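Beneath this line is the structure, given in structure tokens, with notes to follow.
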Amino acid sequence: MLMLALSGMRTRWITFVGSFVALALGVGLIAATGLALAATFDAPERGPERFAAAPVVVRAADQLRVDTPTGPRTKPLDHPGPVGPRTADRLAALGRTVADRTFPADVTVARTGPHTTAARTGADAREPRTDAREPRTGPYVEAARTGADAKMSRTGADARKSRPGQDAEARVGHPWPVAAAAPYRLTSGRAPAAPGEVVVTTRPGGAPLRTGDRVLVRTPAGNAPRTVVGTVAGRGFEDAVFFTDDEAARISPDIDALVVHADATAVRRALGPDSGMDVLTGHDRRRADPDPDRDARALVSVNALLGTAAGITLFVSAAVVASTFSFAVAQRRREFGLLRTAGATPGQIRRTVCAEAVLVGVLASAAGVWLGAGGAPLLVARMTEAGLAPPWFALGDAPWPLHTAFWTGVFVATAGALVSCHRAGRTAPTEALREAAVDSRVMPASRWAAAVLFLLAGLGLPALALALDPGDLLGRKSYITRPMLLVVGFALLAPVLVRPVGRLLTWLPARLPGATGVLVRENTAAGVRRTAAVAAPVLITVALAATLTGTVATLEEARATEARTATTADFVVTPGQEGRPMAPAFLERARAVEGAVVSVSRSTAVTVLEEDTALVTSEARAVDPARLAAVSELPVTAGRLSDLDDGAIVVNEEWLTTRVGDRVTVWLGDGRKASLRIAAVLATGTGDNGVYVTRRNAGGAGVDRIDVKVAEGADRRAVAAALRSAGAATGTRVATKAEWLSANGPGPNDPTRTGLRMILGIALLCTATALANTLVMATSDRVRDLAVLRLAGATAPQVLRLVAAEAVVAVGVGAVLGGVVAAVNLLVVWGALVLLGVMSAVVVPWGTLGLVVAAAALLAAVSAVLPASLALRTRPVELAGARE
């Protein structure tokens with residue numbers, strides 16, 4: 001059988017080239033994504049940074065710990081508290097202590113000393129904003145805050161990124177004595193000794209600050225000119241400004257961390273078991289660094305993106321290989337009939353086809369592994385360049401992805417040919433006598449059963465989710481995996497659907513003058529397997545392209561609709577740098593603006609214990625209930641927002657307890673436990689309708705947003721001018737409602753869209769290979785039919801136009817079926833949004849669909865015309881008399 005398989009492959013090499021290329025590309029992509037995926041399993045091992053030279057670091061506990069019947073549960077705190085003065089005094093008795101205070105300290109070069117230094121206009125000033133609000137579907141986000149920088153969610157290297165139009169370099173302030181804990185060493189100048197003196201870190205590409213420069217430093221205490229009296233080399237994790245100890249205490253009275261030069265055991269004994277303080281030594285000092293979990297968090301999104309890409313690659317490759325082998329077996333009916341006539345048993349025929357599949361699988365998988373090993377570094381470089389992965393992301397040396405990719409390819413090739421093997425074995429000897437090319441009985445009972453099963457699952461599971469939990473349908477895993485069931489179901493039904501859909505597409509051409517339209521219609525109906533084999537990869541690609549991009553766009557539109565509806569303010573004010581606290585000076589000036597209704601809010605979090613087993617944290621906003629109604633119109637489903645007070649909470653329908661008046665036990669952002677009454681319940685929406693509490697329950701959060709409504713009869717222009725003047729003076733961003741909505745929406749190059757383009761590019765690559773191969777196979781197999789047309793009087797250009805038209809119609813059939821799959825999935829998403837209380841339109845990505853279908857049609861036409869034109873170079877009489 002092996003020799004027969006090799007002989008068959010050598011004779012019909014065109015049949016196997018497409019499968020080989022498609023599978024090799026699939027295995028290559030799986031190998032490349034697997035190698036990159038393996039690198040995401042472990043974040044880089046980083047030691048302590050800010051406190052690397054500190055013997056003991058004491059800070060408030062940053063973990064909420066709750067005992068449950070099944071054991072203790074922990075969650076990170078949103079706003080860990082400071083180290084209290086009494087605690088600091090108690091520890092000072094054990095040995096020398098150094099207090100660390102962390103606060104924003106943005107630097108603008110005011111005028112120079114002995115050196116000429118221009119204002120910051122370098123590469124950093126032009127760096128675009130990359131930290132817009134992350135949608136639920138996004139693959140890469142870097143935003144959480146932990147450690148001593150709980151007051152500032154973006155510090156260190158990330159703090160360099162400022163909004164367009166901001167010429168201040170975002171830095172963090174510390175007292176100079178704590179610099180030795182890093183350790184920082186002076187590279188020039190001296191330590192600060194007076195309130196107007198500072199030491200700054202330097203780095204390549206940063207503002208060229210030197211000793212003697214005069215700078216304007218903006219801190220929570222206001223703007224003030226200061227003199228750079230010393231510089232230290234930056235250590236990469238932050239850009240810092242060091243003040244005298246007394247001035248840092250005046251700017252930020254709270255102690256964020258305390259360096260203690262004493263034995264750790266004595267420190268723990270002095271604090272006691274219930275102090276609420278963490279004593280950090282050794283590697284644990286890493287927890288006091290700026291955003292210590294940023295590496296692991298960044299890799300979660302990369303892992304999700306690569307896993308999705310690998311899954312879609314595997315799915316598309318398997319579908320393409322199965323479709324190609326199915327068509328190849330259909331083409332070889334007469335060949336198998338002759339073998340059966342010559343005495344071959346059904347088992348021998350099956351083993352021959354399986355041997356061919358295994359050979360193709362082994363060779364293609366080996367080639368794919370080679371391609372993947374070489375392409376993985378390019379993939380990682382592209383992801384890093386596009387912002388889908390952090391700059392430090394690099395490949396590891398794990399060999400298992402290559403082994404996995406190889407054996408996956410062999411398995412896919414073998415599994416994809418199993419059904420074809422069974423059908424090949426059922427070929428009767430009489431098939432050798434067939435001359436007609438009309439397909440008959442293209443759908444066996446087993447295929448009908450599988451198609452119905454997949455369709456029922458593809459339709460039934462979303463229907464069940466709509467009835468039980470509509471929000472589950474908006475998750476990334478759901479809208480990526482759900483289309484697969486319908487795609488498989490429609491692909492299995494393609495041979496049955498080809499005739500009606502083909503007749504629909506050719507209805508008008510068949511009624512035009514000439515015979516081309518009629519021939520296209522009849523050839524499409526007669527060559528069902530050929531048309532279905534061409535339509536299958538197009539169906540997959542169109543369904544995935546429309547579903548993925550359409551769902552993401554629909555969810556983005558739904559979020560924008562929610563934001564437009566919920567926000568009735570005329571102006572939305574946010575800090576100049578993302579995650580920074582609002583400048584107190586701006587708040588004072590805004591409240592003094594005549595005709596401005598000012599609503600202040602804080603971003604915080606509340607945690608609940610669900611079913612005595614799991615701690616669930618929800619984003620929350622701390623607001624002034626009296627001003628909330630003036631600047632917002634929230635989707636209330638029960639209760640009243642006006643009933644919100646210090647003993648109450650507003651929740652959404654995702655909470656287990658949603659009955660107005662009931663009390664819920666929550667833990668606030670600083671770890672305090674509180675029992676609050678439910679004052680109102682909001683619709684779930686897309687997930688952005690969070691929880692609302694009052695300032696008393698803000699858990700230590702600072703002001704990060706101000707909504708301003710122009711009072712009735714007030715001068716809007718005067719209010720706008722006053723707000724913008726205050727914003728310019730304090731480094732605060734003042735935007736109209738429309739500007740704010742636009743700035744917080746996704747752009748054309750946001751990570752979510754970039755990740756989708758990468759995934760769709762993979763699907764398109766596999767589709768293009770399968771499409772070209774199937775059409776080359778089909779056209780090469782029809783040379784006698786083309787010769788008969790030439791003998792009947794058709795010119796060569798007419799025959800080529802006919803072949804191209806048939807290919808385009810087959811692509812059209814696939815596009816229609818893929819469109820049906822996408823329409824069903826988009827309607828499911830729309831239904832889920834409606835049930836969640838969001839009335840938003842479905843966004844159909846017509847541009848993406850048009851490009852996909854046009855590219856597929858062009859490729860199909862070229863792939864059909866080229867072999868036909870080569871065949872027509874031979875005289876029609878010779879072609880008509882040729883035998884297979």
Side-chain angles (χ1 to χ4, degrees), residues 1-24 26-27 314 317-369 403 405-434 439-450 491-492 495 529-530 532-533 536 770 773-774 777-778 780-781 883-884:
M1 286 299 107
L2 180 61
M3 295 302 299
L4 188 59
L6 291 172
S7 177
M9 291 179 64
R10 186 167 55 252
T11 304
R12 284 184 168 270
W13 62 271
I14 294 179
T15 301
F16 299 99
V17 165
S19 298
F20 176 89
V21 174
L23 191 59
V27 171
L314 180 61
S317 299
V320 165
V321 170
S323 176
T324 303
F325 269 98
S326 177
F327 181 55
V329 168
Q331 277 189 314
R332 299 166 67 185
R333 287 175 301 191
R334 295 184 63 200
E335 175 187 333
F336 293 143
L338 287 171
L339 289 174
R340 293 282 285 116
T341 303
T345 64
Q348 289 174 320
I349 299 294
R350 293 190 184 101
R351 287 194 293 274
T352 299
V353 175
C354 286
E356 293 171 350
V358 171
L359 285 173
V360 171
V362 169
L363 296 176
S365 297
V369 166
H403 294 283
F406 177 84
W407 291 111
T408 298
V410 175
F411 173 79
V412 164
T414 306
L418 285 180
V419 176
S420 301
C421 293
H422 178 71
R423 188 168 64 248
R426 296 176 59 186
T427 305
T430 54
E431 293 287 340
L433 304 177
R434 291 187 57 183
D439 291 320
S440 61
R441 199 176 180 269
V442 294
M443 284 285 289
S446 58
R447 184 160 180 162
W448 272 106
L492 290 173
R529 293 191 184 279
R530 179 182 68 246
N773 174 68
T774 302
M777 288 167 54
S780 301
D781 203 50
R883 289 287 182 267
E884 293 184 5

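Here, residue 1 is the first one in the sequence, and each next residue gets the next number. All of these numbers come straight from a predicted model, not from anything done at the bench.
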Problem set entry | Minimal non-hydrogen separation, Val362 against Phe406, with atom names |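 Looking at all heavy atoms of both residues, the closest pair is O-CE1, 3.7 Å.
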Exercise. Which atom names give the shortest non-hydrogen contact between Ser365 and Val27, and what distance separates them?
Worked result: O-CG1, 3.6 Å
Seminar exercise, completed: Residues passing the side chain to side chain contact (heavy atoms under 4.5 Å, CB included) test with Ala364, sequence neighbours excluded, are Phe20, Leu23, Ala24
Exercise. What pairs with Ala532 under side chain to side chain contact (heavy atoms under 4.5 Å, CB included), at least two apart in sequence or on another chain?
Worked result: Ala494, Pro495, Val498
